[in-house]
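Written out below as structure tokens is the structure these notes cover.
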Amino acid sequence: MTQDEPRRAVSSAPGKIYLSGEHAVVHGELAIPCAIERRAMVTVDPRDDGRVRVSASDLSLSNFTVEYEQLGETLEPPRVDAPSGLVKDAMRYVNSAVAQARDALNNETAGFDITVESEIPLGAGLGSSAAVVVAGIDAATRAYGVELAKDELADRAYTAESDVQNGNASRADTFCSTMGGAASVNAFDCEQLQMPSEVPSFVIGYDGDSGDTGALVSGVQDRMKHGSVKSTIRTIGDVSGEVRGWFRAAEVEDGQPSDELLDELGHSMDVNHGLLSAIGVSARSLDEMVWAAREAGARGAKMTGAGGGGCIVALPEGDVATIERALEVTPACEQVFQVDVALTGVRVIE
Ligand code: MEV
């Protein structure tokens, strides 16, 4: 750790998809998240009056802005043109990141001017909050001359997310966003997986909606009183085990996964989607997009993240455009885009 003069710092961090294991990971099962090249960029300028001011734009694909000032615990009402639930959530994550940065700096009155620019739709299952929290803590601490080790950054980002989600958060989103690439995550252990040199890209379908992660996680918790839901959660963990095995098999194939191996990954994604539907976290729009992608020839497709609305991820075979077109004409689908795996996690921009 070094202490320099306070100065502007800018960091970016990637969003993520789940290849397998969302929700089950909250109950101690294995998950395989994978970082994607859709980033949140956070610029932090130190302020000497102890205040925090946040302005954010592009927090959803349809763009909106959030501005508020914080002095101690008092928030001024935000000036916004976005659904208030989403804005409230965004502010809670930023506040939680500020608390972690102040704690790391050992300076409860450190002031920040924070600008968030994000390419990741909010609450849509692509890890927008984790990316903002990771990049935010990194930039806010560096602005005061403190460089956190990646392990500590991932840990603090997890604590920030978990505080907002009343303890119902796994380390998957924040670890993956900090480290980049794919990871194998269970309750306590997070490990980066060796990426094949020929990394497949994915197609995302977005219904323009968002789910409430906290409510969806509690819903699953309630349904765990049914033995069938409990055993489905365990089976999701087994599927994640297969996906982790997939990365090892790809390594054996010199990092160039064969067609058969890619089909295996697609199959695991299909099974995982069915299991997520079974525990009640999919939505009609997500199911429609999953089916559209499959019928257009995807090797596999699944919802990603907490569900209830948001995004699906499809693993294409051959012509990506066919799947993109099929999603574009699916009534439930509002946006379609292709994403590459982000091999780098948090990145220092300035
Ligand atoms: C949300 O992106 C994924 C969940 O598994 C919650 C979590 O892991 O914190 C639903």
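Just so you know, ligand 1 is whichever comes first in the structure, and atom 1 is the first atom listed for that ligand.
Every residue meeting the side chain to side chain contact (heavy atoms under 4.5 Å, CB included) condition with Ser282, not counting sequence neighbours, appears here in chain and number order: His273, Ser277, Leu286, Asp287, Met303. Residues meeting the side chain to side chain contact (heavy atoms under 4.5 Å, CB included) test with Gln192, sequence neighbours left out: Phe175, Met179.
Of all non-hydrogen atoms in Val203 and Pro316, the two that sit nearest each other are CG2-CG, 4.1 Å.
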Please tabulate, line by line, the atom pairs linking an N/O of ligand 1 to a protein N/O at a distance below 3.5 Å, with the distance in Å to 0.1, or answer 'none'.
{"unit_1": "ligand 1", "atom_1": "2 (O)", "unit_2": "Asp173", "atom_2": "OD2", "d": "3.0"}
{"unit_1": "ligand 1", "atom_1": "5 (O)", "unit_2": "His23", "atom_2": "N", "d": "2.9"}
{"unit_1": "ligand 1", "atom_1": "8 (O)", "unit_2": "Tyr18", "atom_2": "OH", "d": "3.4"}
{"unit_1": "ligand 1", "atom_1": "8 (O)", "unit_2": "Ser170", "atom_2": "OG", "d": "2.6"}
{"unit_1": "ligand 1", "atom_1": "9 (O)", "unit_2": "Ser170", "atom_2": "N", "d": "2.8"}

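Listed by first and then second residue, the salt bridge (charged side-chain N to carboxylate O under 4.0 Å, His left out) pairs involving residues 171-188 are Lys16-Asp173, Asp155-Arg171 (not counting sequence neighbours).
Taking a cutoff of 4.0 Å between a charged side-chain nitrogen and a carboxylate oxygen, Arg244 and Glu191 do not qualify as a salt bridge.
One side chain, Gln338 or Ser201, offers a donor N or O that lies under 3.5 Å from an acceptor on the other.
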